Amino acid sequence: FIFISSIAASGTSGPIPIRETDGPRPTTAYGQSKLAAEREITAVAASSHLQTVCLRPPLVYGPDARGRFGQVLRWCDLGLPLPFGGLDNPRSYLSVHNLAAAVLLCLEHPGAAGTVFNIADDQALAMPQLVRLICEGLGKPCRLFAVPPPLLRAGRALGLQQSIDKLAETMLLDTTRIRDQLNWQPPIAAEAGIRTAAEQFLRQKTTRS
């Protein structure tokens, strides 16, 4: 049984990469529910023949992504000037294709059962890098300008608190366990994955119109 959990179950963020062995301290109802589900699944497995794996991804992106990644895609597609040029906030992301590959690996690998794994792309990206790669995939000019983070957070007054705070924070995953234990290598590099997601988003938009 493969459970797609979330790094939100760990609840930590910052410049130190999050490890599976870190004490979980989820700070949101979403993260708390994911951690509770992990524990229930582990308890069921302990009293049965069920084999389980819990995968903890960061933000998962693709052409159909909603949430923050989809929001940035739409901003870039509209050609909006974006105030993220001054951010230096490396974040781990995960291509939906890399997520699918990790699921298949865990289904087939005998060493996966009973384990929690962090999974992420091969490279962390700061917000300016993310925007530039999306614009490259869309074939649109990149209109970044720098605004100090405290002013960015002033967007709370416009109802953008969660989006802006999350986009501006640093969050890194340590994926050593799955790399060492299962010989995991994400098949799609982060930069190529972001560009491809943007290209597919544009093709789908053109087809729908």
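Since we're looking at a predicted model, the values are computed, not measured. For this chain, numbers begin at 1 and follow the sequence in order.
Among residues at least two apart or in separate chains, there is no salt bridge (charged side-chain N to carboxylate O under 4.0 Å, His left out) pair with a member in residues 113-122. Residue pairs meeting the side-chain hydrogen bond (donor to acceptor under 3.5 Å, both in side chains) criterion with at least one member in residues 50-59, sequence neighbours excluded, are Glu38-Arg56.
Nearest approach of Ala9 to Pro26, heavy atoms of both residues: O-CD, 3.5 Å. The nearest pair of heavy atoms linking Tyr30 to Ala8 is CD2-CB, 3.8 Å. Nearest heavy-atom pair, Leu172 versus Ala124, reported as atom, atom and distance to 0.1 Å: CD2-CB, 3.5 Å. Summarising the geometry of Pro57 relative to Ile4, their closest heavy-atom pair is CG-CG2, 4.3 Å, with the distance given to 0.1 Å. Taking each heavy atom of Ser92 and Pro58 in turn, the nearest pair found is O-CB, 3.3 Å. Across all their heavy atoms, Ala101 and Trp184 have their closest contact at C-CZ3, 3.9 Å.
The distance from the CG atom of Leu105 to the CG atom of Asn183 is 8.5 Å, given to the nearest 0.5 Å. We find the OG1-NE2 distance between Thr115 and His109 to be 10.5 Å, quoted to the nearest 0.5 Å. Here Asp174 contributes atom CG and Ser10 contributes atom OG; the two are 11.0 Å apart, rounded to the nearest 0.5 Å. To the nearest 0.5 Å, atom CG of residue Asn118 and atom OG1 of residue Thr21 are 9.0 Å apart.
Under a 4.5 Å side-chain heavy-atom criterion applied to ILVMFWY residues, the cluster that includes Ile7 comprises Ile18, Met171, Leu173 as well. In the hydrophobic clustering, Leu50 connects to Phe1, Phe3, Ile41, Val44, either directly or through intervening members, whenever side-chain heavy atoms lie under 4.5 Å apart.
Side chain of Arg177 to main chain of Val116: a donor-acceptor pair is present (N/O by atom type, distance under 3.5 Å, no hydrogens or angles). Not one N or O on the side chain of Lys34 forms a donor-acceptor pair closer than 3.5 Å with the backbone of Ala29. A side-chain donor-acceptor contact under 3.5 Å links Asp22 to the backbone of Arg19. The backbone N or O of Gly193 lies less than 3.5 Å from no partner atom in the side chain of Thr196, so there is not a single donor-acceptor pair. Between the side chain of Thr28 and the backbone N or O of Gly31, at least one donor-acceptor pair lies under 3.5 Å.
Applying the salt bridge (Lys or Arg N to Asp or Glu O under 4.0 Å) test to Glu20 and every residue at least two apart in sequence or in another chain returns nothing. Judged as a ring-ring contact (aromatic ring centres under 6.0 Å, His included), and not counting sequence neighbours, Tyr93 has no contacts. The side chain to side chain donor-acceptor pair (under 3.5 Å) search around Thr42 returns none, not counting sequence neighbours. Here Arg143 pairs with nothing under the salt bridge (Lys or Arg N to Asp or Glu O under 4.0 Å) rule; sequence neighbours left out. For Thr175, the side chain to side chain donor-acceptor pair (under 3.5 Å) partners are Arg179, not counting sequence neighbours. Under the salt bridge (Lys or Arg N to Asp or Glu O under 4.0 Å) criterion, Asp77 pairs with Lys140, Lys205, not counting sequence neighbours. Considering only residues two or more places apart in sequence or on other chains, Gln32 meets the side chain to side chain donor-acceptor pair (under 3.5 Å) condition with none of them.
Linking ILVMFWY residues whenever their side-chain heavy atoms come closer than 4.5 Å, directly or via other members, leaves Val60 and Ile194 in distinct clusters. Both Ile2 and Val96 are members of a single hydrophobic cluster when ILVMFWY side chains are connected at heavy-atom separations under 4.5 Å. Cluster annotation: Val53 and Leu35 are assigned to distinct hydrophobic clusters (Ile/Leu/Val/Met/Phe/Trp/Tyr, side-chain heavy-atom contacts under 4.5 Å, transitive). Cluster membership check: Ile188 does not share its hydrophobic cluster with Val103, using side-chain heavy-atom separations under 4.5 Å among Ile, Leu, Val, Met, Phe, Trp and Tyr. Under the 4.5 Å side-chain heavy-atom criterion for ILVMFWY residues, a single connected hydrophobic cluster contains both Ile178 and Leu94.
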Report the C-alpha separation of Leu55 and Cys106 in whole Å, then their side-chain angles, then the decisive distance to 0.1 Å, and conclude whether the side chain to side chain contact (heavy atoms under 4.5 Å, CB included) test is met. CA-CA 9 Å; Leu55 297 177; Cys106 289; 3.9 Å; yes

Where do Leu99 and Ser95 land on the side chain to side chain contact (heavy atoms under 4.5 Å, CB included) test, with the steps shown first? CA-CA 6 Å; Leu99 172 58; Ser95 164; over 6 Å; no

Applying side chain to side chain contact (heavy atoms under 4.5 Å, CB included), run through Asn89 and Glu169 and close with a yes or a no. CA-CA 6 Å; Asn89 62 319; Glu169 74 179 8; 5.9 Å; no

Quick one: do Phe201 and Phe69 satisfy side chain to side chain contact (heavy atoms under 4.5 Å, CB included)? Show the steps, please. CA-CA 12 Å; Phe201 169 85; Phe69 186 83; over 6 Å; no

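Between Ile119 and Asn98 there is no side-chain heavy-atom pair separated by less than 4.5 Å.
For Gln181, the CD atom sits in a packed shell: over 12 heavy atoms of surrounding residues, nucleotides or ligands are nearer than 6.0 Å. No more than 12 heavy atoms of other residues, nucleotides or ligands shown are found within 6.0 angstrom of CD1 on Ile16.
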Side-chain donor-acceptor distances from residues 125-139 under 3.5 Å, at least two apart:
residue, atom, partner, partner atom, Å
Gln129, OE1, Ala126, N, 2.9
Glu136, OE1, Arg195, NE, 2.7
Glu136, OE1, Arg195, NH2, 3.3

